[in-house]
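Reviewing the structure listed below.
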Amino acid sequence: MANLTLKQLRYFDALALHKHFGRAASACSITQPALSLQIKELEAELGVTLFERGPRQVRLTHVGEEFAPRAREILRALDELGDLARASKDHFVGRLRIGVIPTIAPYLLPSLIRRLSELYPGLDIHMRETLTSRLIAELSEGRLDAAIVALPVSEPSLTEVALFNEDFVLIRPSEDAGSPVPSREKLREMRLLLLEEGHCFRDQALSFCKVQSALPREMLDGSSLSTLVQMVAAGIGVTLIPEMAVPVETRATAVSVSRFVGAQPARTVGMVWRNSSPLAERLTEIAGVVRECGLMMAAEAGRLPNPAPA
């Protein structure tokens, strides 16, 4: 049997994820030469080449592709043994890896991290911001302990806990502040600014407007809510943003903020984790803290006036 070490497997896993020696070494908190040496020793021990080296990045060989999920499964099982031990302690300590989608992270994380640090001083909190699809994949692979996303995700292997509901508001140029709020039918006729493909918030906005993403339309895409709001301020169009983003994104921007008349576009924010996670009870506690922070933010953003029907 090959004399493999867990250290080698972790370094292999990091390089398979980042596809770059420098970034993988940084993620492992070691030097690049040390990482390279460990990978070479792993390949020598196995007698196969796991990575194809290129000038700017590396990629897995065919054997490496088959090796990667098995190595990840071993590492996940080891992490769950550690989680089992941590879950049995009176105080929640150690590493907690939480993923958050980009339309929540900048607004919720400052208060959430502060609150978690107060309640769990022994917790080493690692936050990861990326799209829902990537968070679910990394959660399933054991790279994350939990994720804060818009529900539902409808993954049978994951536990979903709904935390709070949040309305979307309409962002228009400041000169439109006194104009009637358009209906969803009128909104479909306007230049609607949306996040890029892959963001669940984009799909939620299109669903409210009853617009199919594949249809050719007078729409523009942005990479962040901040970009969309700045585009609105420049007179390019209108957009929707979640309530929690209002204080940050509109505080120094010449835009108007309005609620819709009647049915409000909204999303359900929740937390998900693996059904098999030994930390399930502790993660339920963390979900309660997320709910507390989210409701406080929603209450502050909820002071927006309800418009009269046009």
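Reckoned from all heavy atoms, side chains included, excluding hydrogens, waters and symmetry mates.
- Listed for the Arg115 side chain is no donor-acceptor partner under 3.5 Å among the backbone atoms of Pro110.
- Salt bridge Glu197/Arg202: present, at least one basic N to carboxylate O contact under 4.0 Å.
- Between Phe12 and Phe51, the distance separating the two ring centers is shorter than 6.0 angstrom.
- Between Val100 and Ile98, the closest side-chain pair of non-hydrogen atoms falls below 4.5 Å.
- By the 4.5 Å heavy-atom criterion applied to side chains, Arg191 and Ile236 are counted as neighbours.
- A donor-acceptor contact closer than 3.5 angstrom is absent between the side chains of Glu155 and Ser157.
- With hydrogens and angles disregarded, no donor-acceptor distance shorter than 3.5 Å links the side chain of Glu160 to the backbone of Gly270.
- A donor-acceptor distance shorter than 3.5 angstrom exists from the side chain of Ser140 to the backbone of Ile136, with no hydrogens or angles considered.
- Distance CG/Asp176 to CD1/Ile171: 12.0 Å, rounded to 0.5 Å.
- Glu166 contributes a side-chain N or O that, together with a main-chain N or O of Met244, makes up a donor-acceptor pair within less than 3.5 Å.
- Between Arg172 and Thr239, the side chains place no donor N or O within less than 3.5 Å of an acceptor N or O (distance only, hydrogens not considered).
- Panel note: side chain Arg97, backbone Gly142; a donor-acceptor pair is recorded below 3.5 Å.
- Separating the CD atom in Gln264 from the CZ atom in Phe168 is a distance of 11.0 Å, to the nearest 0.5 Å.
- With hydrogens and angles disregarded, no donor-acceptor distance shorter than 3.5 Å links the side chain of Glu43 to the backbone of Lys40.
- No salt bridge links Arg95 with Asp145; every basic N to acidic carboxylate O contact stays at or beyond 4.0 Å.
- Taken from CG in Leu283 to CG in Leu96, the straight-line distance is 6.5 Å, to the nearest 0.5 Å.
- Looking at Val269 and Leu151, their side chains never come closer than 4.5 Å, going by heavy atoms from C-beta outward.
- Contact of the His199 side chain with the Gln204 side chain is not registered, since no non-hydrogen atoms from C-beta on lie closer than 4.5 Å.
- When atom types are taken as modelled, the side chain of Thr103 and the backbone of Phe201 share no donor-acceptor pair closer than 3.5 angstrom.
- Residues Leu135 and Leu17 are members of separate hydrophobic clusters, defined by side-chain heavy-atom contacts under 4.5 angstrom among Ile, Leu, Val, Met, Phe, Trp and Tyr.
- Look at Glu141 and Arg72 and you find no salt bridge, because none of the NZ, NE, NH1 or NH2 atoms lies under 4.0 Å from a carboxylate O.
- Counting only distance, with no hydrogens or angles, the side chain of Ser26 and the backbone of Gly22 share no donor-acceptor pair below 3.5 Å.
- In this structure a side-chain-to-backbone donor-acceptor pair under 3.5 Å is missing from Asp167 to Ala266.
- The backbone N or O of Cys28 lies less than 3.5 Å from no partner atom in the side chain of Arg10, so there is not a single donor-acceptor pair.
- The CG atom of Leu35 sits 12.5 Å away from the CZ atom of Arg23 when rounded to the nearest 0.5 Å.
- Separating the CG atom in Leu228 from the CG atom in Leu240 is a distance of 9.5 Å, to the nearest 0.5 Å.
- Residues Thr253 and Thr250 have side chains that never bring a donor and an acceptor to within less than 3.5 angstrom of each other.
- For Asn165 and Thr268, the side-chain atoms include at least one donor-acceptor pair closer than 3.5 Å.
- Between Glu73 and Arg70 there is no salt bridge, since no side-chain N of the basic residue sits under 4.0 Å from a carboxylate O of the acidic one.
- With sequence neighbours left out, Glu281 forms a side-chain contact (heavy atoms from CB on, under 4.5 Å) with no residue at all.
- Taking the charged nitrogens against the carboxylate oxygens, Arg259 and Glu243 do have a contact shorter than 4.0 Å, which makes a salt bridge.
- A distance of 9.5 Å separates CZ of Arg128 from CZ of Arg143, quoted to the nearest 0.5 Å.
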